[in-house]
2 protein chains.
Amino acid sequence: MMVPMARAATTSDVFNAIAEPQRREILVLLRAGERPVTELAQELGMTQPGASKHLRVLREVGLVRDRKAGKQRLYGLDARGLRPVHEWTGGFEQFWNESFDRLDAYVQDLKQTQQEE
Amino acid sequence: MMVPMARAATTSDVFNAIAEPQRREILVLLRAGERPVTELAQELGMTQPGASKHLRVLREVGLVRDRKAGKQRLYGLDARGLRPVHEWTGGFEQFWNESFDRLDAYVQDLKQTQQEE
DNA sequence: CCATCATATGCCGATATCGGCATGCGTCAA
DNA sequence: TTGACGCATGCCGATATCGGCATATGATGG
């Protein structure tokens, strides 16, 4: 009985976490320092439960840390997880510098071959 | 009649496109040059329709180009769209270099305050 | 024109996602 | 202890997503 596999367990990785615009906004805000949930929600114009849910995702992939501060819970940035994303995209740096007006790797190979003759 | 808003129209942006592991694999493969759909599907161990669907997403966000080559359709990389992702993550570079052993921005602020007294 | 190859698309089922809401739970202050 | 505050969680509805499959579409060659 083949049970259909609906979705690759893509959840819980950093690429997925930052695919959400609001979560990216949260991370940007946290660069300025720790903040409680309510403040984040307010600054980003979302509800408190909404903020909490996004923070949960970010926490599960390790992009934020939380610590209790009395009645509040302060969320802080842990950007180390963004480094792999930076490096992965960096692996394409030489490609976005190429002129793509109408060319591509294949065509450029042809061009080079002609020059060598 | 408030119709519930289910999901932010996050589709069709680059962050979302590269959130899928298989799509990232496709991009990596295409660094070596253009390839037809079937070849990509084969190299990545996925079905042809599966490859076509992922390629469609990548094309819609501009990360790949396609051109007809006789009976085939060659897909090629257009990595320019990855640059914003690289730069966005780069905005956190100073943060992933900090020591997070047990510290965070807030605690560091406190430390500095003490030193100044 | 027809058969064939290459690719795209449509449909389906299972599940993940997101927002809104209500509510639970812990902490602090009076 | 009780009320108020801060936050997390659970439930729901709507929708997006992904894989598998069948099939449509398109181009090529005979």
Side-chain angles (χ1 to χ4, degrees), chain A residues 1-26 29-30 34-61 64-76 106, chain B residues 1-26 29-30 34-61 64-76 106:
Chain A
M1 293 299 286
M2 281 284 296
V3 177
M5 215 187 292
R7 161 170 271 204
T10 170
T11 304
S12 298
D13 82 326
V14 174
F15 282 91
N16 186 66
I18 65 172
E20 238 288 329
Q22 308 220 61
R23 287 197 285 263
R24 289 201 296 277
E25 293 187 56
I26 289 177
L29 265 184
L30 290 181
E34 291 186 314
R35 272 187 179 64
V37 177
T38 309
E39 196 175 319
L40 286 172
Q42 188 177 333
E43 299 192 53
L44 296 178
M46 48 199 227
T47 63
Q48 174 269 310
S52 280
K53 286 172 185 174
H54 283 311
L55 285 167
R56 180 189 172 110
V57 174
L58 292 172
R59 189 181 29 187
E60 284 174 349
V61 302
V64 301
R65 298 274 178 89
D66 64 300
R67 75 184 172 85
K68 313 186 99 174
K71 199 185 296 187
Q72 303 189 119
R73 177 172 291 265
L74 294 182
Y75 279 87
Y106 181 72
Chain B
M1 288 292 289
M2 280 285 295
V3 177
M5 217 186 293
R7 161 172 271 204
T10 168
T11 303
S12 296
D13 83 325
V14 174
F15 282 91
N16 185 66
I18 65 173
E20 238 289 329
Q22 309 221 58
R23 287 198 284 264
R24 289 200 297 277
E25 294 186 56
I26 288 177
L29 264 185
L30 289 181
E34 293 185 313
R35 272 187 180 66
V37 178
T38 309
E39 195 175 319
L40 285 172
Q42 188 177 333
E43 299 193 53
L44 296 178
M46 49 198 224
T47 65
Q48 173 269 311
S52 279
K53 286 172 185 173
H54 283 311
L55 285 166
R56 179 188 172 110
V57 174
L58 292 172
R59 189 181 28 186
E60 284 175 350
V61 302
V64 301
R65 298 271 179 89
D66 64 301
R67 76 182 169 88
K68 315 186 99 177
K71 200 184 295 186
Q72 301 191 118
R73 179 172 288 265
L74 293 183
Y75 278 87
Y106 182 72

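In what follows, chains carry the letters A, B, and so on, assigned in the order in which the sequence lines appear, proteins first and then strands, with residues in each chain numbered from 1. Side chains included, hydrogens not; waters and symmetry mates left out as well; all remaining heavy atoms used.
- Note: CZ (A/Arg73) to P (C/dG24) measures 20 Å, nearest angstrom.
- Taking atom CD of residue B/Glu34 and atom C1' of nucleotide C/dA6, one finds them 16 Å apart after rounding to whole Å.
- Toward the 5' end of DNA chain C, the nearer of the two residues A/Arg23 and A/Lys68, judged by each one's closest nucleotide, is A/Arg23.
- Taking atom CE of residue B/Met46 and atom P of nucleotide D/dC21, one finds them 15 Å apart after rounding to whole Å.
- Using a 4.0 Å cut-off, some side-chain N or O of B/Thr38 falls inside it from OP1 or OP2 of C/dT7.
- Residue B/Glu20 contributes atom CD, which lies 17 Å from atom P of D/dA16 at whole-angstrom precision.
- Taking atom CG of B/Asp66 as the reference point, atom C1' of D/dA27 lies 15 Å away to the nearest angstrom.
- For the pair A/Lys71 NZ and D/dA4 P, the computed distance is 11 Å after rounding to whole Å.
- A sub-4.0 Å separation between OP1 or OP2 of C/dG19 and a side-chain N or O of A/His54 is present.
- Interatomic distance, B/Arg24 CZ to A/Asp13 CG, rounded to the nearest 0.5 Å: 5.5 Å.
- Here OH of B/Tyr75 is found 9.5 Å from CZ of B/Arg56. Values are rounded to the nearest 0.5 Å.
- The separation between B/Leu55 atom CG and D/dG19 atom P is 12 Å, rounded to whole Å.
- The residue A/Ser52 sits close to a base: some heavy atom pair falls under 4.0 Å.
- Contact annotation for A/Lys53: base contact, defined as any heavy-atom pair under 4.0 Å involving a base atom.
- An OP1 or OP2 oxygen of C/dA8 is reached within less than 4.0 angstrom by no side-chain nitrogen or oxygen of B/Arg56.
- Between D/dG20, C/dA8, D/dT17, one nucleotide has an atom nearer to the side chain of B/Asn16 than all others, and that is D/dT17.
- Using a 4.0 Å heavy-atom distance criterion, B/Pro36 is classed as a sugar-phosphate-only contact.
- Distance, B/Leu74 CG to D/dA27 C1': 14 Å, rounded to whole Å.
- Backbone-only contact: B/Gln72 has heavy atoms under 4.0 Å from sugar-phosphate atoms and none from a base.
- At least one side-chain heavy atom of B/Leu40 sits less than 4.5 Å from a side-chain heavy atom of B/Leu55.
- If you check the side chains of B/Gln48 and B/Ser52, you find a donor sitting under 3.5 Å from an acceptor.
- Contact between the side-chain N/O atoms of A/Tyr75 and the OP1/OP2 oxygens of D/dG6 is not found at any separation under 4.0 Å.
- Residues A/Arg35 and A/Glu43 form a side-chain contact, since some pair of their non-hydrogen atoms from C-beta on lies under 4.5 Å apart.
- At a cut-off of 3.5 angstrom, the base of C/dA8 holds at least one donor-acceptor pair with the side chain of B/Gln48.
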